[in-house]
Amino acid sequence: MIQIPIYLDNNSTTKCDPRVFEAMTPFFLEDFGNAASKSHAFGWKAEEAVDYAREQIAKIIGANSKEIIITSGATESNNLALKGVYEMYAAKGNHFITVSTEHKAVLDACKHLEKLGAEVSYLPVGEDGLIKVEQIQAAIKPNTVLVSVMYANNELGVIQPIREIAALCREHGVLFHTDATQAVGKIPVDVMADQIDLLSFTAHKMYGPKGVGALYVRRKNPRVKVTAQIDGGGHERGMRSGTLNVPGIVGFGKACEIAMQEMESEAARLRVLRDKLENALLEMEESYLNGHKEHRLPHTTNISFKYVEGEGLMMGIKDVAVSSGSACTSASLEPSYVLKNLGLDDELAHSSIRFGLGRFTTEEEIDFTIKCVTDAVNKLRDMSPLWEMFKEGIDLKSIEWSEH
Amino acid sequence: MAYSEKVIDHYTNPRNIGTLDKASAQVGTGLVGAPECGDVMRLQIQVSDSGVIEDAKFKTFGCGSAIASSSLATEWLKGKTVDQALAIDNMEIVEELALPPVKIHCSVLAEDAIKAAINDYRVKNGMEPLELEKSHH
Ligand SMILES: Cc1ncc(COP(=O)(O)O)c(C=O)c1O
Ligand code: FES
């Protein structure tokens with residue numbers, strides 16, 4: 001028996017793994033100490049737990065635990081990386097390079113820095129969602145301080161050529177930051193092999209709790225420093241003050257440990273399920289895959305069902321929780337900027353659905369989803385004037401639409 | 001955001017989906033919205049010699065509220081005279097379907113579609129098109 005509704009929005013957030021939850025519970029009621037209290041056992045116990053978790057967190061990205069700054073999540077990590085580098089390296093230059101399909105936490109932090117005097121290049125991606133190393137190369141200038149490119153995109157799942165970009169940055173003496181929120185715990189990420197200087201990630205995308213994340217800051221070759229953005233008691237070696245979220249950190253650590261153990265088998269399992277879902281849905285007429293087919297996370301697919309509007313479709317598949325790039329789902333009435341940046345017609349962006357599979361996804365759920373989506377698309381196309389025109393061979397572009 | 005029961009009802013059992021012969025002089029067709037905006041509504045009315053709307057059909061590309069608004073509009077149109085139909089205001093649709101503020105424009109689209117269909121009918125039958133208010137979209 002499958003349980004309704006089915007959750008296929010794992011790129012948005014994931015359910016906490018029961019093993020993670022269990023590891024966290026003692027730190028609410030029994031071991032509730034402040035990790036910064038050096039004078040009693042309550043504090044020592046909390047500190048010990050945090051130290052252990054920090055090792056687990058560092059290990060999943062091949063870092064040293066001294067290189068991990070605990071934050072409230074990837075949004076804060078991105079902000080700390082970008083604003084912290086901007087301030088710290090002001091003497092070296094003020095030019096940042098990033099990509100137009102980054103998460104808002106990166107784009108809006110950059111916008112903020114522009115107001116403070118930074119010069120930011122927002123590079124476009126190709127229609128497959130990928131940035132080319134040559135584009136970065138061409139954008140690097142003598143005053144470039146930092147390049148920030150996300151590891152994997154949240155909407156499309158496409159994986160950027162991180163290792164090549166990082167090597168290029170190293171060659172030019174430019175720092176390299178990556179928002180690896182969607183990648184860590186899902187695919188192998190190694191800050192040494194990849195030559196990454198700063199890396200953001202978060203617990204709640206990998207079956208850990210919400211509200212806790214980390215920024216990796218390289219300590220050797222080169223030693224990287226960021227200026228604190230939250231001042232106070234000098235926690236996290238002065239780079240991020242605030243009493244540590246001990247249960248959250250313990251949960252984050254446990255989530256990393258489990259992900260490391262299960263990543264390979266999980267990725268293989270999810271790839272099979274994802275491909276099954278994707279192939280079945282792409283068999284429908286006029287449905288299109290968004291983003292590169294190969295360089296992609298194994299558990300994500302983003303598909304446009306032409307002539308059907310995304311929010312309308314989500315209502316038709318209300319037993320399956322997904323997300324859409326449609327404007328009708330957003331307050332701004334703008335379709336997804338990520339999809340628009342692929343050069344997709346707005347119309348196709350409105351028609352897109354993102355499916356994010358996860359650790360708790362079963363084959364029965366995928367079979368159910370295939371049927372549910374197929375039925376809903378067919379039903380909505382029967383009531384779509386655009387579908388009727390398409391079937392009559394009318395070119396939609398030839399029509400003078402009343403509203404723009 | 002949760003949908004009202006009436007929106008769900010119209011979405012699940014849409015009334016009067018379909019196509020009337022747009023070449024017929026008795027049929028008025030209104031096509032409003034734009035694919036790039038994520039909403040397109042086509043509403044058609046069939047008017048008797050005595051000026052009564054005998055049939056109404058719609059097809060909509062849009063969110064659940066847009067589909068429900070157009071479905072409701074066709075229900076309301078049937079049996080009304082053209083003049084009565086002109087008086088339908090989008091806020092009546094908002095009220096009937098309990099649409100939240102972000103979905104008001106879906107009802108505006110339905111009102112626009114009614115007016116556009118009536119104008120098409122008028123022009124086909126040698127009448128002046130009515131001055132329509134600027135679209136609120
Ligand atoms: C790529 C990416 N970066 C950053 C974030 C923000 O993470 P958090 O919710 O931990 O602040 C998300 C998740 O929404 C994301 O997908
Ligand atoms: S059609 Fe876009 S919100 Fe209703």
Side-chain angles (χ1 to χ4, degrees), chain A residues 286 304-319 324-336 339-340 344-352 375-392 394-404, chain B residues 1-4 7-19 22 29-44 57-71 74 100-106 108-109 112-113 115-116 119-120 132 134-137:
Chain A
E286 295 294 309
S304 286
F305 302 93
K306 211 171 171 187
Y307 311 116
V308 171
E309 192 281 319
E311 189 185 9
L313 179 54
M314 287 201 292
M315 190 170 169
I317 53 169
K318 63 175 188 332
D319 291 335
S324 166
S326 151
C328 301
T329 60
S330 75
S332 65
L333 294 178
E334 277 294 317
S336 149
L339 293 172
K340 284 179 76 165
L344 223 59
D345 277 353
D346 273 12
E347 187 196 335
L348 273 177
H350 285 293
S351 302
S352 73
D375 289 350
V377 169
N378 288 331
K379 177 181 164 181
L380 288 168
R381 280 180 174 169
D382 282 342
M383 51 170 120
S384 165
L386 304 179
W387 179 250
E388 186 184 300
M389 290 176 198
F390 164 70
K391 281 290 168 185
E392 286 171 353
I394 298 170
D395 179 6
L396 295 180
K397 298 240 177 342
S398 72
I399 293 178
E400 221 181 278
W401 297 102
S402 58
E403 297 177 17
H404 282 273
Chain B
M1 179 201 54
Y3 295 98
S4 73
V7 169
I8 294 172
D9 179 41
H10 276 280
Y11 177 90
T12 320
N13 311 296
R15 332 286 199 258
N16 309 309
I17 293 181
T19 309
K22 67 170 181 279
T29 302
L31 181 66
V32 297
E36 307 90 83
C37 304
D39 31 35
V40 174
M41 230 177 246
R42 190 193 63 201
L43 200 139
Q44 296 183 298
K57 297 272 185 214
F58 83 94
K59 281 201 176 184
T60 291
F61 163 83
C63 73
S65 306
I67 290 170
S69 296
S70 36
S71 167
T74 56
V102 291
K103 295 295 178 186
I104 289 178
H105 75 274
C106 314
V108 172
L109 208 59
D112 288 351
K115 303 233 152 91
N119 259 349
D120 183 53
L132 297 186
K134 267 260 158 276
S135 167
H136 333 232
H137 210 56

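Each chain gets a letter, A, B and so on, in the order its sequence line appears, and its residues count up from 1.
Contact tally against chain A (heavy-atom pairs below 4.5 Å) for B:Ile8, B:Thr19, B:Ile67: the top residue is B:Thr19.
By the ring pair (Phe, Tyr, Trp, His ring centres under 6.0 Å) test, A:Phe305 pairs with no residue at all, sequence neighbours left out. Shown here are the side chain to side chain donor-acceptor pair (under 3.5 Å) partners of A:Asp382, two or more places apart in sequence or in another chain: there are none.
Minimum heavy-atom separation, A:Val308 to B:Phe61: C-CE1, 3.3 Å. Residues A:His350 and B:Cys37 come closest through the heavy atom pair NE2-C, 3.3 Å. Scanning both residues, B:Cys63 and A:Glu311, for their nearest heavy atoms gives CB-OE1, 3.3 Å. Between A:Pro385 and B:Arg42, the shortest heavy-atom contact is CB-CB, 4.0 Å.
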Test A:Glu309 against B:Asp39 for side chain to side chain contact (heavy atoms under 4.5 Å, CB included), laying out the working first.
CA-CA 8 Å; A:Glu309 192 281 319; B:Asp39 31 35; over 6 Å; no

From CA spacing to verdict: side chain to side chain contact (heavy atoms under 4.5 Å, CB included), B:Val7, A:Met315
CA-CA 10 Å; B:Val7 169; A:Met315 190 170 169; 3.7 Å; yes

Apply side chain to side chain contact (heavy atoms under 4.5 Å, CB included) to the pair B:Val32 and A:Trp401, showing each step before the final yes or no.
CA-CA 7 Å; B:Val32 297; A:Trp401 297 102; over 6 Å; no

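Of the possible donor and acceptor atoms, one in the side chain of B:Tyr11 sits under 3.5 Å from a partner among the backbone N and O of A:Gly312. Remark: side-chain polar atoms of B:Glu36 are not paired, donor with acceptor, to backbone N or O of A:Asp346 under 3.5 angstrom.
Of the atoms belonging to B:Pro14, it is side-chain heavy atoms, and not backbone ones, that fall under 4.5 Å from chain A. At a 4.5 Å heavy-atom cutoff, the contact between A:Lys379 and chain B is made by side-chain atoms alone.
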